J.: 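My questions will all concern the structure given below.
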Amino acid sequence: MKKKLLFTACLLTGLLFINAGLNKFFNYLPMPEEMPEASLKLFSAMIQISWLMPLVGIAEITGGILFIIPRYRALGVLILTPVMAGILLTHISADPGGWIMPTLMALVMTWSVIEQRRQYLQLIGR
């Protein structure tokens, strides 16, 4: 039962990352009408760096796909961790009300790391 629950949580989290990554290329999700000024400044600064959003989009799509597949989940977490850190810091600093979903996604990733800790210990030679 625990494996099925973890798979379902990882599937949903991976799909959220894939959706966010695809949106960076196709812009099919509308921007909120009312955004905090700090968020607007942050997003306009990120858009000025022309390569940043495609790079993040590719990382989100690749990491999301790998995160869904149990065999490659550890690699997916390694790809998504810097992205997730940026998402959390952005929502905590620029959008104080929007931190719940990113926190849940980070908790699913943490749960996955705990469940696959042997794979990570091999990376550091233990």
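Note that the structure is predicted; figures quoted are calculated from it, not measured.
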J.: Tracing side-chain links under 4.5 Å among I, L, V, M, F, W and Y, which residues wind up in one group with Leu121?
T.: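 Taking Ile, Leu, Val, Met, Phe, Trp and Tyr as members, Leu121 shares its hydrophobic cluster with Ile124.
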J.: Rounded to the nearest 0.5 Å, what's the gap from CG on Leu29 to NZ on Lys24? Could you check?
T.: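 NZ of Lys24 is found 9.5 Å from CG of Leu29.
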J.: Please enumerate all residues that pass side chain to side chain contact (heavy atoms under 4.5 Å, CB included) together with Leu89, with sequence neighbours excluded.
T.: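 With sequence neighbours excluded, Leu89 shows a side chain to side chain contact (heavy atoms under 4.5 Å, CB included) to no residue whatsoever.
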J.: If Ile, Leu, Val, Met, Phe, Trp and Tyr residues are connected whenever their side-chain heavy atoms lie under 4.5 Å apart, and connections chain through other members, are Ile61 and Leu55 in the same group?
T.: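 Looking at the clustering, Leu55 is in a separate group from Ile61.
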J.: Hydrophobic clusters here meaning ILVMFWY residues chained together by side-chain heavy-atom distances under 4.5 Å, can you tell me if Phe26 and Ile65 are in one?
T.: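 Looking at the clustering, Ile65 is in the same group as Phe26.
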J.: Tell me, please, which residues at least two apart from Leu40 pass side chain to side chain contact (heavy atoms under 4.5 Å, CB included).
T.: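 In terms of side chain to side chain contact (heavy atoms under 4.5 Å, CB included), with neighbours along the sequence ignored, Leu40 is linked to Met35.
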J.: Apply side chain to side chain contact (heavy atoms under 4.5 Å, CB included) to the pair Trp99 and Thr90, showing each step before the final yes or no.
T.: CA-CA 9 Å; Trp99 58 270; Thr90 299; over 6 Å; no
J.: As an exercise, state the distance from CE of Met105 to CD1 of Ile87, rounded to the nearest 0.5 Å.
T.: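 CD1 of Ile87 is found 5.5 Å from CE of Met105.
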J.: Report the distance from atom CZ of Phe17 to atom CE of Met109, rounding to the nearest 0.5 Å.
T.: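 The CZ atom of Phe17 sits 5.0 Å away from the CE atom of Met109.
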J.: Hey, what do you get for CE (Met46) to OG (Ser44), rounding to the nearest 0.5 Å?
T.: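 Taking CE in Met46 and OG in Ser44, the distance rounds to 9.0 Å.
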J.: Apply side chain to side chain contact (heavy atoms under 4.5 Å, CB included) to Thr62 and list each qualifying residue two or more places apart in sequence or on a separate chain.
T.: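 In terms of side chain to side chain contact (heavy atoms under 4.5 Å, CB included), with neighbours along the sequence ignored, Thr62 is linked to Ile58, Leu66, Ile79.
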J.: Applying side chain to side chain contact (heavy atoms under 4.5 Å, CB included), name anything that partners Ile114, two or more places apart in sequence or on another chain.
T.: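 For Ile114, the residues satisfying side chain to side chain contact (heavy atoms under 4.5 Å, CB included) (neighbours in sequence not counted) are Thr110, Arg117.
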J.: Nearest 0.5 Å, what's the CG-CG distance between Leu11 and Leu16?
T.: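 Here the rounded value is 9.5 Å.
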J.: Pair Cys10, Val108 - check side chain to side chain contact (heavy atoms under 4.5 Å, CB included), show working.
T.: CA-CA 7 Å; Cys10 290; Val108 170; 4.2 Å; yes
J.: Dump the intermediate steps for side chain to side chain contact (heavy atoms under 4.5 Å, CB included) on Trp51 and Ile49, then the final yes or no.
T.: CA-CA 6 Å; Trp51 55 266; Ile49 305 170; 3.4 Å; yes
J.: Check whether any side-chain N or O of Tyr120 sits under 3.5 Å from a backbone N or O of Ala74 as a donor-acceptor pair, and report yes or no.
T.: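 Present.
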J.: Please name all residues satisfying salt bridge (Lys or Arg N to Asp or Glu O under 4.0 Å) with Lys2, sequence neighbours left out, ordered by chain then number.
T.: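 With sequence neighbours excluded, Lys2 shows a salt bridge (Lys or Arg N to Asp or Glu O under 4.0 Å) to Glu115, given in chain and number order.
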J.: For the backbone of Ile68 and the side chain of Arg73, can you confirm whether one donor and one acceptor N or O come within less than 3.5 Å of each other?
T.: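 Side chain of Arg73 to backbone of Ile68, a donor-acceptor pair under 3.5 Å: yes, one is there.
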J.: With rounding to the nearest 0.5 Å, note down the distance linking CD in Gln119 to CZ in Arg71.
T.: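 Nearest 0.5 Å value for the CD-CZ distance: 10.0 Å.
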J.: Going only through I, L, V, M, F, W and Y residues with side-chain contacts under 4.5 Å, is there a path from Phe43 to Leu52?
T.: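 Linked within one cluster.
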J.: Is there a path of hydrophobic side-chain contacts, each under 4.5 Å between heavy atoms of I/L/V/M/F/W/Y residues, joining Met53 to Met31?
T.: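 In one cluster: yes.
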